[in-house]
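One structure is given below, encoded as structure tokens.
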Amino acid sequence: MLTRKNILVFNCGSSSLNCKVFSAAHTLDPKPIFSAKAHRVGVKGTQASFIDFKINGSSEKMTTDLPDHRTAAVKILRFLGSKGMSVDMIGHRFVHGGDFFQTSSMVNRDVLAKLHLCGPLAPIHNPISYSVIMASREELPGMGQYVVFDTAYHSTIPSHAYVYPVPDHIVEKYHYRKFGFHGLSYSYVAQAVPRFLGVSPDSLRMVACHLGTGGSSVSAIFGGRSLDNSMGWSPLTGLVMSTRSGDIDPMLTLYLTVANDLRPDDLLSLLTEKSGLLGIAEISSDLRDIIADVCPENRERTSLAFDMYVHRLKKYVGSYVAVLGGIDVLVFTDDIGATNWLVRSKTCEDMRWCGIELDETVNRQTVEPKATLVSSPDSKVKVVAMPTEEERIIATEGLRFLEEGGLS
Amino acid sequence: MDQDRIVADGVTLAEGDWYVPIEGRLDQRFEPERIATVCHNGGNLIRDPAAVLSGDLFSKLRGCVKFLPEHNDLTIRAAETWMKIRPAASHVLLCDSAFFSRLPPPARNYAIPYRLTRQGVRRYGRNGLDHAWAVKKIQTFIRGGARRVVSIHLGARSSLAAIRDGKPLDTTAGFTSVEGLMSGGACGDIDPTIVFQLKASGHSYREINRMLCNQSGFTALGCGRWSLAEILGTRRETEAVTARRVFSYQLLKQIGAAFALLGGADGIILTVEGLAEMTPFLFALSSSLGFAGVTTRIDSPFGDGQLEITSPTSRVRVFAIEYDPWGILADHAWSIDRPSTLGRATLGRERSGKTTDAACHEC
């Protein structure tokens with residue numbers, strides 16, 4: 001049994017930074033006692049960046065420049081210090097652990113070197129998580145830190161879904177396969193949704209849509225285990241995201257490189273930082289700006305961006321319904337999924353063929369991040385809007401380290 | 001070239017790849033009434049699957065060379081030569097990408113910087129002539145017709161299209177035919193980051209192109225020398241187990257995606273290379289769609305190269321047809337009226353009706 005410990009968790013989204021402090025005496029019961037969320041980190045948009053703090057039942061909002069995640073992390077750590085809150089350990093979400101990491105790991109010099117090498121595997125996420133780890137080391141020298149990997153949850157994806165049919169010699173050399181991402185979020189909803197609905201997770205066929213302000217994906221989950229995920233070897237593929245293209249013809253990359261005389265790095269930057277909603281609409285990478293019609297003279301393009309977003313999402317939901325041989329639960333989670341009624345409504349439009357029917361009134365009213373059943377009473381499929389708690393999964397891992405005496 | 005059949009059909013089908021060397025060997029008595037040349041990618045300029053070859057169409061065709069340089073250049077040369085040596089015939093252009101030229105923007109565009117979309121970087125699809133033909137064909141099988149159709153072509157290069165009211169809503173092939181379902185040597189949908197990573201690891205673009213277009217797909221899974229019918233049929237049950245699982249899974253996902261876009265389906269039509277051999281696979285595939293309203297039958301009437309997989313009461317009807325590429329091209333070639341400048345009767349019936357027009361019977 002542990003004495004009560006405070007675990008600080010950093011969770012870098014591509015355009016946000018979540019931070020929570022959990023207090024717990026054992027792994028089953030971490031209680032959040034502080035939270036901060038930095039919004040529009042490094043975003044080219046029309047609204048200012050800010051950090052929301054919640055501590056001791058009160059809220060504070062800090063409007064401030066957030067050019068990068070490192071800056072956001074430092075501001076959060078200093079805010080915590082100013083409130084006199086101590087922490088015992090810091091945990092980090094790390095999107096892609098490549099072949100180096102199949103489980104969570106304490107951070108030491110050797111691990112840091114490997115994390116650095118993982119940078120190119122998730123070029124948007126891994127470098128920013130690394131920068132937050134380094135910022136934490138500088139702000140709180142000597143503090144124990146650990147990393148939890150998104151890719152671990154998807155280790156149950158079967159081979160027919162993860163195989164890329166490319167030559168053996170490059171598969172063996174570079175380990176090409178689908179890894180899948182947002183594993184911490186899916187791990188959370190796979191447990192939390194059956195609890196919320198009061199049903200057994202065994203044999204439950206669930207399609208979960210993790211729709212964030214930066215990255216988004218869809219997963220097919222059977223009995224709590226991942227069967228597929230829309231992201232691939234990297235987090236570039238799948239849905240249309242804020243600045244990522246999602247699925248494109250692989251040969252298009254060659255064509256664009258040759259036709260536009262681009263270097264591979266330029267093209268990677270084009271597809272990860274200048275594509276997606278931003279590439280189509282050009283006014284913002286934030287779906288909320290696009291839906292809010294912040295630039296009416298650009299309405300044709302913002303409409304197109306939204307339609308493309310929903311079109312791709314709907315396709316993946318349909319694909320995974322087919323993979324599962326039907327569906328029992330459809331889940332919308334993370335910032336957009338849990339709070340955006342329009343995305344849910346458009347995704348569920350005309351989906352009675354597989355038993356999905358929304359209660360449009362309840363759905364329209366569900367704009368706060370709170371677990372809500374938004375399907376109609378007659379719907380064969382339960383549709384749930386639910387905030388994700390990746391941070392809780394990360395905190396639980398930290399408490400496990402403490403229990404096992406892994407804190408070095 | 002099956003000249004007898006072509007003469008009987010009253011149409012000659014010329015593909016750029018093989019035409020040019022044939023000129024010297026052509027029987028001078030061979031006077032086709034209609035000559036059709038196939039263009040594989042008409043870019044965003046050619047929007048009719050079948051059209052009379054005119055000066056304007058030639059201009060558009062020349063503007064499309066950039067989309068598929070080797071093929072399209074030959075297509076132009078073939079069409080010009082045929083027009084020169086058989087001036088009395090009516091000449092038409094069949095365009096494989098035209099059916100998908102009117103894909104709705106959310107399906108047509110990639111989520112990339114819009115300036116690239118303006119430059120013509122978009123999804124062009126594949127097997128457009130086959131899908132356009134198939135969606136008409138299924139209307140003849142279902143009383144009252146089928147508004148929401150999933151058309152699947154299974155062959156050397158497979159693809160799928162979601163079609164509503166005769167118009168495509170989406171398809172699997174993209175800017176190139178590599179995107180979508182894997183094929184003999186092409187990888188299909190993979191993470192494009194792999195291209196950057198290979199380049200960063202020192203591979204040349206030529207090598208990467210070869211690896212992903214010629215050495216991937218079924219070839220990479222050890223089945224490159226077999227037809228799709230062999231792989232999905234029972235003959236290679238043991239050797240092709242991985243390839244069959246991966247392909248079946250890809251196909252099932254694409255069918256699910258099409259259902260989602262269509263809001264369910266009234267019918268699925270498959271044009272299949274090697275129907276008899278693939279029949280057990282098609283039944284297994286259809287059985288896995290029970291949740292979506294597909295009810296398979298036990299005793300399927302099979303005849304004349306076509307098969308109904310579902311029972312007549314199935315909410316979604318599934319039909320499979322032996323793929324007849326030349327027959328499909330001929331149907332398209334006859335689908336347009338003959339230019340009135342030729343001064344002949346222009347009835348333009350479907351070839352399958354065997355009653356094209358008086359001029360045809362003279363051939």
Side-chain angles (χ1 to χ4, degrees), chain A residues 120 159-161 163-168 170 174 176 178 232-234 236-237 240 245-258 264 267-268 270-271 274-277 279-280 282 301 304 307-308 310-312 314-323 325-326 350-354, chain B residues 105-107 109-114 116 121 123 170 174-176 178-179 182 187-201 205 208-209 211-213 215-218 220-221 242 245-246 248-249 252-261 263-265 288-293:
Chain A
S159 60
H160 56 255
V163 159
Y164 288 139
V166 296
D168 273 350
I170 57 172
Y174 305 115
Y176 292 143
K178 177 190 286 249
W233 185 71
S234 78
L236 173 66
T237 53
V240 174
S245 63
D247 294 334
I248 60 164
D249 188 330
M251 302 319 291
L252 191 54
T253 53
L254 284 181
Y255 171 83
L256 290 175
T257 309
V258 175
L267 190 57
L268 186 58
L270 184 143
L271 292 177
K274 297 168 190 163
S275 290
L277 296 170
I280 307 161
E282 289 180 345
R301 297 270 289 285
L304 176 62
D307 290 348
M308 287 178 70
V310 172
H311 181 91
R312 190 82 58 84
K314 224 174 156 72
K315 281 177 69 173
Y316 268 103
V317 171
S319 287
Y320 290 159
V321 169
V323 163
D350 239 357
M351 291 289 274
R352 285 187 190 169
W353 64 275
C354 63
Chain B
N109 293 354
Y110 291 108
I112 54 177
Y114 202 73
L116 297 171
V121 176
R123 305 178 73 246
D170 209 340
F175 183 71
T176 72
V178 170
E179 187 179 356
M182 68 171 175
C187 59
D189 291 330
I190 60 164
D191 189 332
T193 315
I194 285 174
V195 176
F196 309 120
Q197 208 268 342
L198 286 170
K199 180 65 184 157
S201 302
Y205 284 129
I208 298 168
N209 188 57
M211 281 193 277
L212 299 185
C213 294
Q215 298 169 357
S216 293
F218 290 117
L221 299 179
T242 302
R245 278 188 190 153
V246 172
S248 305
Y249 186 74
L252 186 61
K253 284 206 301 182
Q254 298 290 0
I255 293 172
F259 269 64
L261 294 179
S288 68
L289 297 170
F291 73 93

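Here is how names work: the chains are called A, B, and so on, in the same order as the sequence lines, proteins then strands, and each is numbered from 1.
The two atoms that bring A:V166 and B:S216 nearest to each other are CA-OG, 3.5 Å, heavy atoms only. Residues A:A161 and B:Y249 share a closest heavy-atom pair of CB-CE2, 3.5 Å. In this structure, B:P113 and A:S275 approach most closely via the heavy-atom pair CD-OG, 3.2 Å. Of all heavy-atom pairs spanning B:Q215 and A:P167, the tightest one is O-CG, 3.5 Å. Across A:P250 and B:V195, no two heavy atoms sit closer than the pair O-CG2, 3.8 Å. Shortest non-hydrogen contact noted between A:P264 and B:F196 is O-CD2, 3.8 Å.
Note that CD1 of A:I280 is 9.5 Å distant from CD1 of B:I112, once rounded to the nearest 0.5 Å. Note that the CH2 atom of A:W353 and the CZ atom of B:F259 stand 6.5 Å from one another [nearest 0.5 Å]. Taking SG of A:C354 as the reference point, atom CZ of B:F291 lies at 7.5 Å (rounded to 0.5 Å). The CG atom of B:L261 lies 11.0 Å from the CZ atom of A:R312; values are rounded to the nearest 0.5 Å. A distance of 3.5 Å separates CG in B:D170 from NZ in A:K315, rounded to the nearest 0.5 Å. In this structure, CD1 in A:I170 is found 7.0 Å from CD1 in B:I194, a value given to the nearest 0.5 Å.
Within a 6.0 Å sphere centred on CZ of A:R301, other residues, nucleotides and ligands contribute more than 12 heavy atoms.
A:L252 places none of its side-chain heavy atoms less than 4.5 Å from the side chain of B:P192. Residues B:D189 and A:D247 form no side-chain contact, since every pair of their non-hydrogen atoms from C-beta on lies 4.5 Å or further apart. B:T193 is not listed as a side-chain neighbour of A:L271, based on a closest heavy-atom distance of 4.5 Å or more. Between A:T257 and B:K199, the closest side-chain pair of non-hydrogen atoms is not below 4.5 Å. Looking at B:Y114 and A:L304, their side chains come closer than 4.5 Å, going by heavy atoms from C-beta outward. For the pair A:L270/B:L116, a side-chain contact is recorded, criterion being any heavy-atom separation below 4.5 Å from C-beta on. Within the 4.5 Å cutoff, the side chain of A:M251 has heavy atoms near those of the B:L212 side chain. For the pair A:K178/B:D191, no side-chain contact is recorded, criterion being any heavy-atom separation below 4.5 Å from C-beta on.
Heavy atoms of A:V321 lying under 4.5 Å from chain B belong to its backbone as well as its side chain. Proximity to chain A is limited to the side chain of B:M182, based on heavy atoms less than 4.5 angstrom apart. Using a 4.5 Å cut-off between heavy atoms, B:L221 touches chain A through its side chain atoms alone. Neither the backbone nor the side chain of A:L277 comes within less than 4.5 Å of any heavy atom in chain B.
Considering only heavy-atom pairs separated by less than 4.5 Å from chain B, the leading option among A:L267, A:V163, A:D168, A:V317 is A:L267. For chain A, the option among B:S288, B:A107, B:G188, B:A292 with the highest count of heavy-atom pairs below 4.5 Å is B:A107. Of the residues considered (B:S201, B:G293, B:G174, B:A200), B:S201 shows the highest number of contacts with chain A, using heavy-atom pairs under 4.5 Å. Of the listed residues (B:T242, B:V246, B:I208), the one with the most heavy-atom contacts under 4.5 Å to chain A is B:V246.
Side-chain atoms of A:S319 come within 3.5 Å of backbone N or O of B:K253 as a donor-acceptor pair.
Of the candidates A:W233, A:Y176, A:Y174, A:Y176 is the only one forming a side-chain hydrogen bond (donor to acceptor under 3.5 Å, both in side chains) with B:Q197.
Residues meeting the ring-ring contact (aromatic ring centres under 6.0 Å, His included) test with B:Y110, sequence neighbours left out: none. Annotation: ring-ring contact (aromatic ring centres under 6.0 Å, His included) contacts of A:Y320 (sequence neighbours excluded): A:Y316.
With respect to B:R123 and A:D249, no salt bridge is recorded, no charged nitrogen being found less than 4.0 Å from a carboxylate O.
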